[in-house]
Amino acid sequence: MASDLETKAKEAFIDDHFELALHLYSQAIQLNPKHAELYAGRAQANIKLSNLPEAVADANKAIELDPSMSKAYLRKATACMKLEEYQTAKSALETGAALAPAESRFSKLIKECEERIAEETGDLSMQTPEALAKNDVPAKEIELDKDQPNLEIEAAPPKPVYRHEFYQKPEEVVVTIFAKGIPHDCVKVDYGEQILSVAINASGKEAYHFQPRLFAKIIPEKCIYDVLSTKVEIRLAKAEPIHWTSLDFSREVAITQRVNVSSVSASQRPSYPSSKPQRVDWDKIEAQVKKEEKDEKLDGDAALNKFFRDIYKDADEDTRRAMQKSFVESNGTVLSTNWKEVGAKKVEGSPPDGMEMKKWEY
């Protein structure tokens, strides 16, 4: 049955029916989740549909199942180049070239990656004369082979299994996934230049996949994660000390500001260039947003929630741990900031008068 679905998926891909090919590959993977070819084929369909983080994840799964599959490295590199993650793409291409030395596309794309890396770093010595002559021409789209569709594993569920949030420091971003009682060996975390991939496969629980394209680049070799009793904590080392306005990448964010620019006075701060006819005063917008947040009038539960969020945002690590532990263990009825008090014992629930405790899961 899986082989029939794979054949139909290839036919759909050749006919440019990429959505159908993606659907058929996903069905085939459910029936045969250990077949690397299916993931490589789905990766190719995802690339055509511009589902680039999903394509990278599929290519990674194909490589995991069959490290000798050269086209899986090509698919990964193709998606990474479209994501402008040229270092990751180059590494994948070099591995693929070693596996298939006769394939000319690897050397061609490695050269293109080196040119793009040189443009990003300003190192003109790495660029060829031809590249320098057409420095302003966008990278041409990579043609994919239609005769070898391949796919990746598990599509993300429509609704997340676990809740996640993040906070940041000048040098790192800390992502927290609230997954309770998950064994360490059931969690897999991978990093790219600008991609985070988290997979949680615990026995008896629905599989969880979290694969965002990040707001900015990170340093993969400096990133770490830890699996605790109530959460998975991931520390992403920033490549640049800029403020992330969100965890996910957005093309609408045109400018990012560096942290700790106290040496530049307000009157000396630069105006930012824009491709739009009219310039945008980002400093004015930021000041206006902060003023609106400060002046916002809330009451009832909204005011209380904002009060607790403000405490958590400015708190130290022990205070945050105390708030999380007390809230989780008491089923949302107790919120303490005293780690010395709640860290040594389980926090019992304390329902309001006239109400009773009920066990809940998240």
Worked verdict on Ile195 versus Gln211 for side chain to side chain contact (heavy atoms under 4.5 Å, CB included):
CA-CA 7 Å; Ile195 290 180; Gln211 297 160 343; 5.5 Å; no

Give the intermediate values and the outcome of side chain to side chain contact (heavy atoms under 4.5 Å, CB included) for residues Leu20 and Phe18.
CA-CA 5 Å; Leu20 176 59; Phe18 305 124; over 6 Å; no

May I have the step-by-step check of ring-ring contact (aromatic ring centres under 6.0 Å, His included) for His164 and Phe178, ending in yes or no?
CA-CA 6 Å; His164 74 272; Phe178 294 96; 9.3 Å; no

Residues His23, Glu19; criterion side chain to side chain contact (heavy atoms under 4.5 Å, CB included); working and verdict
CA-CA 6 Å; His23 179 69; Glu19 288 280 5; over 6 Å; no

Could you walk me through whether Lys217 and Glu240 pass salt bridge (charged side-chain N to carboxylate O under 4.0 Å, His left out), step by step?
CA-CA 8 Å; Lys217 292 186 177 182; Glu240 293 183 283; over 6 Å; no

Start with the C-alpha gap between Ser336 and Asn338, add the side-chain angles, then the distance that decides, and say whether side chain to side chain donor-acceptor pair (under 3.5 Å) holds.
CA-CA 6 Å; Ser336 172; Asn338 189 339; 5.9 Å; no

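Using a cutoff of 4.0 Å between basic side-chain nitrogens and carboxylate oxygens, Glu165 and Arg163 are scored as salt-bridged. Electrostatic pairing of Lys231 and Glu233 counts as a salt bridge here, judged by a charged N lying under 4.0 Å from a carboxylate O. The existence of a salt bridge linking Arg105 and Glu103 is confirmed by a sub-4.0 Å separation between a basic side-chain nitrogen and an acidic carboxylate oxygen. Using a 4.0 Å cut-off between charged side-chain N and carboxylate O, Glu341 and Lys325 make no salt bridge. The residues Lys10 and Glu37 are annotated as not salt-bridged, no charged nitrogen and carboxylate oxygen being separated by less than 4.0 angstrom. Between Lys61 and Glu64, at least one side-chain N (NZ, or NE/NH1/NH2) sits under 4.0 Å from a carboxylate O, which counts as a salt bridge. Using a cutoff of 4.0 Å between basic side-chain nitrogens and carboxylate oxygens, Glu84 and Arg116 are not scored as salt-bridged. Ionic pairing of Glu172 and Arg235 is present here: one or more N-O contacts between side-chain nitrogen and carboxylate oxygen are shorter than 4.0 angstrom.
Rounding to the nearest 0.5 angstrom, the gap separating the NZ atom in Lys111 from the CG atom in Leu93 is 14.5 Å. The structure places OG of Ser197 at 10.5 Å from OH of Tyr191, a figure rounded to the nearest 0.5 Å. In this structure, the separation between CG on Leu99 and CD on Glu94 is 12.5 Å, given to the nearest 0.5 Å. Distance check: Ser70 OG to Phe106 CZ gives 5.0 Å after rounding to the nearest 0.5 Å. Separation of atoms CG (Leu109) and SG (Cys80) is listed at 12.0 Å; rounding is to 0.5 Å. One distance of note links CD of Gln194 with CD1 of Ile218; it measures 8.5 Å at 0.5 Å rounding.
A distance-only check finds no donor-acceptor pair linking the side chain of Ser91 to the backbone of Thr88 [under 3.5 Å]. The closest donor-acceptor contact from the side chain of Lys169 to the backbone of Val173 lies at 3.5 Å or more, if one exists at all. Put simply, the side chain of Asp15 never gets that close to the backbone of His17: no donor and acceptor are under 3.5 Å apart.
Nearest approach of Ala92 to Lys76, heavy atoms of both residues: CB-CD, 4.2 Å. Taking both residues in full, the closest heavy atoms of Tyr86 and Ile117 are given as CB-CG1, 3.6 Å, listed atom of the first, atom of the second, then distance. Among all heavy-atom pairs drawn from Ala202 and Cys186, the shortest one is CA-SG, 3.9 Å. Shown here for Ile182 and Tyr162, the closest heavy-atom pair between the two residues is CD1-OH, 3.5 Å. Of all heavy-atom pairs spanning His243 and Gln168, the tightest one is CE1-NE2, 3.3 Å. Listed here is the closest heavy atom pair of Ala322 and Thr337: CB-C, 3.7 Å.
No continuous path of hydrophobic side-chain contacts links Tyr225 to Leu228 [ILVMFWY only; heavy atoms under 4.5 Å]. Follow the hydrophobic side-chain contacts under 4.5 Å out from Val175 and you never reach Ile219; the two are in separate clusters. Using a 4.5 Å cut-off between side-chain heavy atoms of Ile, Leu, Val, Met, Phe, Trp and Tyr, with links allowed through other members, Val198 and Leu247 fall into the same hydrophobic cluster. The cluster map of Ile, Leu, Val, Met, Phe, Trp and Tyr, joined by side-chain heavy atoms under 4.5 Å apart, puts Phe166 and Tyr208 in the same cluster.
Side-chain contact between Lys188 and Asn201: absent, with no pair of heavy atoms (C-beta onward) separated by less than 4.5 Å. Side-chain atoms of Phe215 and Lys238, non-hydrogen and from C-beta on, never get closer than 4.5 Å to each other. For the pair Thr176/Val232, no side-chain contact is recorded, criterion being any heavy-atom separation below 4.5 Å from C-beta on. Looking at Asn51 and Leu22, their side chains come closer than 4.5 Å, going by heavy atoms from C-beta outward. By the 4.5 Å heavy-atom criterion applied to side chains, Leu52 and Asn46 are not counted as neighbours. Looking only at side-chain heavy atoms (C-beta outward), Asp248 and Arg213 stay at 4.5 Å or farther from each other. The shortest distance between side-chain heavy atoms of Tyr73 and Ile63 falls below 4.5 Å. A heavy-atom distance below 4.5 Å is not found between the side chains of Ile29 and His35.
Each of Ile224, Ile177, Val174 was compared with Ile234 under the side-chain contact (heavy atoms from CB on, under 4.5 Å) criterion, and only Ile177 meets it.
With a 6.0 Å radius and a threshold of 12 heavy atoms from other residues, nucleotides or ligands, Lys205 has its NZ atom above the threshold.
With no hydrogens or angles considered, no side-chain donor-acceptor pair links Asp4 and Thr7 at under 3.5 Å.
Here Arg321 pairs with Asp318 under the salt bridge (Lys or Arg N to Asp or Glu O under 4.0 Å) rule; sequence neighbours left out.
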